Every structure is written in structure tokens, then in C-alpha cells.
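For this chain, numbers begin at 1 and follow the sequence in order. All values below were derived from every heavy atom in this structure, side-chain atoms included, with hydrogens, water molecules and symmetry-related copies excluded. Owing to the predicted nature of the structure, the values given are computational and were not obtained by experimental measurement. Counting starts at 1 for both ligands and their atoms, following the listed order.
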Amino acid sequence: MGWLDGYVALVTGGASGIGRAVVKRFIAEGCTGVGVMVRSAEQVDGLVAEFGDKVVVSVGDVRSPADNVAAVEATVARFGKLDTLVGNAGVWDFFARLEKMSTEQVAESFDEIFGVNVKGYVLAASAAAPHLRASGGSMIFTLSNSAFYAGGGGPLYVASKHAGVGLIKQLAYEFAPDVRVNGVAPGGTVTPLRGPASLGKQEKRLSEIPGFEDSVANAMPLKFIAQPEDHTGHYVLLASKANSRATTAAIIQSDGGWEIRPMR
Ligand SMILES: NC(=O)c1ccc[n+]([C@@H]2O[C@H](COP(=O)([O-])OP(=O)(O)OC[C@H]3O[C@@H](n4cnc5c(N)ncnc54)[C@H](O)[C@@H]3O)[C@@H](O)[C@H]2O)c1
């Protein structure tokens with residue numbers, strides 16, 4: 001018996017990192033099936049090999065309205081309903097400072113980073129909304145320590161994750177009482193999170209930054225860098241009607257204690 005017995009979920013950006021760990025945990029918690037939206041065709045086989053007929057994988061770009069609708073429809077067509085949307089696909093900016101970019105680059109990177117991190121979440125919510133209303137389900141969005149604090153990225157990433165806070169609150173307001181809307185805000189985590197193509201960083205991965213793991217671990221009061229699996233229990237809790245039905249517009253911080261970092 002799991003906390004999500006009989007649930008059907010859709011996870012965007014579910015081929016790697018935190019999203020993939022959520023897919024795995026949701027299936028372990030009893031989900032009938034999980035729709036997974038991935039960026040490229042090469043990401044399909046690994047998911048199917050690991051999870052078989054428990055997943056239906058859709059290739060698409062979260063910035064595309066049609067691709068979001070297709071992912072939702074594929075999930076509902078295969079598994080019959082939708083209980084939980086996990087908006088999770090994201091790109092990071094590798095601390096790109098405003099003055100290190102040309103004004104043209106700022107404009108292009110804004111469109112790319114906000115396109116994936118914010119528009120992607122709004123479009124997924126829009127596409128999933130009728131099915132979540134019908135099931136009395138919920139939405140969960142992956143935010144970041146950068147949704148609350150400076151210093152975890154450059155201005156475009158930090159602003160995009162702050163925007164996620166407003167999105168969660170407004171959607172929670174609009175969808176009550178039918179659909180709960182919550183977030184999980186991880187801190188530094190060992191994943192292949194990539195940068196924006198507009199800054200030439202589409203092949204650069206966060207986990208390849210020299211010293212990244214040690215510097216995150218040392219900065220955090222809990223003194224370790226998270227693995228993707230460390231966050232997944234929060235998604236299970238927020239998805240579970242039996243265990244969090246009174247919770248909406250909440251964001252669970254899963255960041256090793258960023259709030260209580262020492263001054264020195
Ligand atoms: N890794 C960290 O340190 C960290 C910290 C805080 C928050 N986050 C957030 O966690 C979420 C997941 O990232 P992750 O760290 O697991 O990295 P990840 O790169 O493993 O996962 C992100 C996924 O999003 C997909 N994606 C990117 N652009 C897309 C697009 N346009 N259309 C469809 N899919 C797209 C990628 O293919 C990838 O599978 C992101 O929202 C990220 O901002 C990560």
C-alpha cells in the first residue's frame with residue numbers, strides 16, 4: 001500500500017534529475033501510471049526500459065502550448081484520468097550576472113529562461129486544469145531556494161523562480177476549492193541541470209561545476225548536498241489527498257537550511 005495508490009500523474013522534465021526521481025517514487029507509492037514529458041527523443045528509451053507500461057512518455061517543449069496539451073492528453077488516454085501535475089522542467093543560468101551579458105543576450109536569455117521556468121509551468125497548468133478539476137487533484141511546481149533568496153543564480157533564474165511563488169499563490173486562489181496548488185523548493189542538488197542556449201550553455205551541466213558539491217554542502221547548515229531522491233517525499237505528501245488535503249498555496253523548502261545560513 002502506497003500513499004498514491006491508484007493515482008495518475010504527469011511530470012514535466014521527468015527524464016533526469018529531480019523529475020525522474022519523482023517519477024520513480026510516485027510509481028513506488030502506487031501510481032497506476034505516470035505521464036512523463038521530456039525534451040528529446042533520446043530521453044524516451046531509458047524511461048521505458050526502467051518503468052515499462054507504468055509510464056507514457058511525450059516528447060515536447062514545455063514552451064509549446066500544443067506540446068503541453070499533447071502530454072496531458074497522452075496521459076489521460078493511457079491511464080484514464082489525471083490526479084497530479086508536477087511542473088518541473090527547468091533551466092539554470094549558471095550565475096550569469098547582468099553586466100556580463102550584452103543587452104541583446106539579456107533579452108534572449110530572459111525569453112528562454114522565463115519561457116521554460118515560468119511559461120512552461122503556466123501552460124502545463126492550463127492544459128491539465130480541466131482534468132484536475134474533474135479528479136479533485138493537485139498541482140505541484142518545482143521551485144528553488146532561488147524562489148526566496150538571492151545568490152543561487154543570476155537575476156534571470158532568481159526572478160523566474162520568484163515568479164513561481166506568485167504563480168502558485170494565484171493558481172491556488174483560482175482553483176480552490178477543487179484543485180490544490182503547492183510547490184517544493186529544493187536547494188543545490190546533484191543533477192545534470194543545464195543552462196540556456198541563448199548563453200551558449202545548453203551543454204553545460206550544474207553537476208560538472210568544479211567544487212560544486214563541496215561548496216553547496218559547506219554552505220548549508222545541514223552540511224550535505226542533496227540527491228534528487230531527497231526531495232521526493234515532499235511531492236508524495238503534497239500529492240496525497242489523504243495526507244495533505246488541507247494544504248494549498250504552500251511551498252516546502254528542501255534546501256538544507258538556506259534560511260538559517262550563518263553570516264560567516
Ligand atoms: N539541481 C539543483 O541544484 C536545483 C536546485 C533548485 C531547483 N532546481 C529545479 O529543479 C527542477 C529540475 O531540475 P534538475 O535539477 O532535476 O535538472 P535536470 O536538468 O535533470 O531536469 C530538468 C529537465 O527539464 C527538461 N527540460 C529543460 N528544458 C525543457 C524544455 N524546454 N521542454 C521540455 N523539457 C525541458 C530537461 O530535459 C531535463 O530533463 C528545475 O525546475 C530546477 O530549476 C534544481
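Listed by atom number, the atoms of ligand 1 under 4.0 Å from G188 heavy atoms are 3 (O). Ligand-side atoms of ligand 1 in range of Y121: 41 (O), range being under 4.0 angstrom from any heavy atom. Residue-ligand proximity, G13 to ligand 1, at heavy-atom distances under 4.0 Å covers atoms 23 (C), 24 (O), 25 (C), 39 (O).
For T191, every heavy-atom contact with ligand 1 shorter than 4.0 Å involves the side chain, none the backbone. The backbone and the side chain of L193 each have at least one atom closer than 4.0 Å to an atom of ligand 1 (non-hydrogen atoms only).
Ion pairing between a basic and an acidic side chain is recognised when a charged N comes within 4.0 Å of a carboxylate O; E208 and K204 show no such pairing.
Looking at atom 21 (O) of ligand 1, its nearest protein heavy atom turns out to be S16 OG, 3.6 Å. The shortest contact between atom 31 (N) of ligand 1 and any protein heavy atom is with D61 OD1, 2.9 Å. Nearest to atom 26 (N) of ligand 1 among the protein's heavy atoms is A89 CB, 3.8 Å. Counting protein heavy atoms only, atom 30 (C) of ligand 1 is closest to R39 CD, 3.2 Å.
Of the options V23, D45, V38, a side chain to side chain contact (heavy atoms under 4.5 Å, CB included) to V57 is made by V38 and by none of the others.
Ring orientation note: the planes of W92 and Y157 are nearly perpendicular, at an angle over 60° on the 30°/60° scale.
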